[in-house]
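Okay, structure first, notes after.
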Amino acid sequence: MAMELRDSHGRVMRDLRVSVTDRCNFRCLYCLPETEEAANFYRTRWAGAPGGLPAARPIAYEWKPRAELLSFEEIERVVRVAAALGIDKVRVTGGEPLLRKGVEGLVGSLARIPGVRDLAMTTNGFLFPSKAQALRDAGLHRVSFSMDSLDAANFRRMTGRDGLPGVLEGIQLARRLGFSPIKVNAVVIRGMNDHEVEDLAAFAHEHDLSMRFIEFMPLDSSRAWQRDLVVPGSEILRRLNARWNLVRVEAPDRPSETARRWRFPDGRGEIGVIAPVSEPFCGHCNRLRLTADGKVRTCLFSLVEHDLRPLLRGGASDEDLALRLVEIVAGKEAGHRIGKPDFVQPARTMSCIGG
Ligand code: SAM
Ligand code: SF4
């Protein structure tokens, strides 16, 4: 029988998220909250907690030295080996993937790998207008944008950048160039952008795209996550249903999908709710992650990483790599522990792991 990436819980891996850089040109409140506004927000939110926001909480993050990042050839090789083991969906992410010079060349080589039938990218959109045509020509199928707010001032508060016009332009351009489907992600944080949920949904309806609301997960570099800041997916849905009679989109053939989906009654636009905190979907997880510095993570919340660089740079054959991947996947954890007494936040942030 051909080798495949099956874990000890019977799940077979199909989806690989490849981070091409840990760097970013944004400072999102829920990811790399470096701005004064982010600090003020968290200070206020922690004010009622015993002791307030602990001073020594932040995770120190330093950009990885260039030499530690996988080269495009190394990334292409890992993806090729993984595709031969059944990975058919690849997402290029980061950090901000468009900051990696020549990323369209990597996209071109990933698009040519036999077995990769779905090649996507997640981006904050800031640099997308300048790269869109090259990415399309290189063979990128789909793009997901992050856009947490439709209000320029609130967008800036959440991301640390005046980036809203660029993202809006990027979304329109993606449509014109034929990227499909177009998804837009918004992390919803109570007291920050939860009042915009209806506006964001209306945007999806108006522009006939997929708007996905994501629960805030404890993966921020300041370790300032609090359960109270999470707006449960069910609450978002209740509010949207009060305005529109949303129709559930069933996907029985895709149990591993992270989003529960609804469409608007007139068939224009879609809503996705990604609720890893309040309604974990670990049971069907088929995802693996490759960090920019060559570590495989079997879960967003893994506390261990598996370094492929010694193999890649030490003369290992493709078969050695394949066997290592099979071995790593066998140890994939059953699920995350958010909300459990023994939960430990991973040492790396979402920007390093690759969202
Ligand atoms: N920089 C790109 C972007 O923002 O789209 C790609 C990388 S980013 C880490 C990928 C996704 O992770 C984004 O959609 C972002 O909103 C999401 N994300 C980052 N930190 C998060 C957190 N603490 N909780 C939930 N989602 C998060
Ligand atoms: Fe950068 Fe994306 Fe993290 Fe925002 S979510 S800081 S854009 S990596």
Side-chain angles (χ1 to χ4, degrees), residues 3 5 7 13-24 31-32 59-113 115-116 119-123 219 221 285-333 346-355:
M3 278 200 293
L5 297 172
D7 73 9
M13 303 303 114
R14 299 280 177 228
D15 183 329
L16 178 65
R17 314 227 159 167
V18 180
S19 171
V20 294
T21 178
D22 56 339
R23 289 164 201 248
C24 193
C31 186
L32 296 175
I59 301 174
Y61 67 88
E62 280 171 17
W63 309 131
K64 289 276 166 199
R66 191 53 41 92
E68 288 184 22
L69 301 190
L70 294 192
S71 66
F72 287 162
E73 291 71 24
E74 288 168 332
I75 294 174
E76 196 262 343
R77 185 172 171 215
V78 175
V79 175
R80 189 165 34 74
V81 169
L85 294 169
I87 292 290
D88 57 10
K89 196 171 165 187
V90 176
R91 176 171 294 278
V92 177
T93 181
E96 174 46 42
L98 296 180
L99 285 182
R100 180 92 186 243
K101 214 166 149 211
V103 71
E104 58 277 18
L106 173 69
V107 165
S109 55
L110 299 184
R112 286 190 292 274
I113 293 176
V116 175
L119 182 59
M121 178 179 280
T122 305
T123 172
L219 288 169
S221 71
C285 179
N286 66 356
R287 282 171 291 284
L288 281 183
R289 289 181 160 80
L290 178 65
T291 66
D293 56 345
K295 312 272 170 52
V296 174
R297 296 178 65 93
T298 48
C299 174
L300 264 180
F301 295 93
S302 291
L303 297 176
V304 284
E305 300 183 328
H306 309 273
D307 196 356
L308 293 186
R309 258 186 347 201
L311 289 179
L312 289 166
R313 296 184 182 175
S317 67
D318 284 357
E319 194 182 357
D320 294 334
L321 263 178
L323 288 169
R324 183 72 188 114
L325 285 175
V326 168
E327 183 181 58
I328 291 168
V329 167
K332 181 173 161 84
E333 39 287 82
R348 297 223 261 180
T349 67
M350 191 67 141
S351 62
C352 296
I353 295 168

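Below, all heavy atoms of this structure are taken into account, side chains as well, without hydrogens, waters or symmetry copies.
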Applying side-chain contact (heavy atoms from CB on, under 4.5 Å), run through Val103 and Met121 and close with a yes or a no. CA-CA 11 Å; Val103 71; Met121 178 179 280; 4.3 Å; yes
To the nearest 0.5 Å, what is the distance between [atom1] on [X] and [atom2] on [Y]?
| X | Y | atom1 | atom2 | answer |
| --- | --- | --- | --- | --- |
| Asp22 | Glu68 | CG | CD | 9.5 Å |
| Glu333 | Thr298 | CD | OG1 | 3.5 Å |
| Glu96 | Ser19 | CD | OG | 10.5 Å |
| Leu16 | Ile87 | CG | CD1 | 5.5 Å |
| Leu325 | Asp318 | CG | CG | 10.5 Å |
| Arg91 | Leu119 | CZ | CG | 9.5 Å |

Tell me whether [X] contacts the main-chain N or O of [Y] through its side chain, where contact means a donor paired with an acceptor under 3.5 Å.
| X | Y | result |
| --- | --- | --- |
| Lys332 | Arg287 | yes |
| Arg297 | Ser302 | yes |
| Arg309 | Lys295 | no |

Which is it for Arg17 and Thr122 under the side-chain contact (heavy atoms from CB on, under 4.5 Å) test, yes or no, and what are the steps along the way? CA-CA 10 Å; Arg17 314 227 159 167; Thr122 305; over 6 Å; no
Distance-minimising heavy-atom pair for [X] and [Y]:
| X | Y | value |
| --- | --- | --- |
| Glu76 | Leu110 | CA-CD2, 4.0 Å |
| Trp63 | Leu32 | CH2-CD1, 4.0 Å |
| Ala316 | Arg77 | O-NH2, 2.6 Å |
| Met350 | Cys31 | CB-SG, 4.0 Å |
| Cys285 | Met13 | O-CE, 3.8 Å |
| Lys64 | Arg23 | O-NH2, 3.4 Å |

Salt-bridge contact Glu74-Arg313 (side-chain N to carboxylate O under 4.0 Å):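 Counted as a salt bridge, because a side-chain N and a carboxylate O are separated by less than 4.0 Å.
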What pairs of residues pass the ring pair (Phe, Tyr, Trp, His ring centres under 6.0 Å) test when at least one of them lies in residues 90-112, not counting sequence neighbours?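 Applying ring pair (Phe, Tyr, Trp, His ring centres under 6.0 Å) to every pair that reaches into residues 90-112, excluding sequence neighbours, yields nothing.
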Among residues two or more places apart or on two chains, list those pairs meeting ring pair (Phe, Tyr, Trp, His ring centres under 6.0 Å) that have a residue in residues 285-312.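 As it turns out, the ring pair (Phe, Tyr, Trp, His ring centres under 6.0 Å) pairs with a partner in residues 285-312, which skip direct neighbours, are Phe301-His336, Phe301-Phe343.
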Under the rule for side-chain contact (heavy atoms from CB on, under 4.5 Å), what residues qualify as partners of Glu73, not counting sequence neighbours?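 Glu73 satisfies side-chain contact (heavy atoms from CB on, under 4.5 Å) with Ser71 only.
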Decide yes or no for Val329 and Leu288: does some side-chain heavy atom of the first lie under 4.5 Å from some side-chain heavy atom of the second?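 Val329 reaches Leu288 side chain to side chain.
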Here's a test for you: under side chain to side chain contact (heavy atoms under 4.5 Å, CB included), which of Val18, Leu290, Asp293, Val20 qualifies with Leu70?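 Going through Val18, Leu290, Asp293, Val20 one by one, the side chain to side chain contact (heavy atoms under 4.5 Å, CB included) with Leu70 is satisfied by Leu290 alone.
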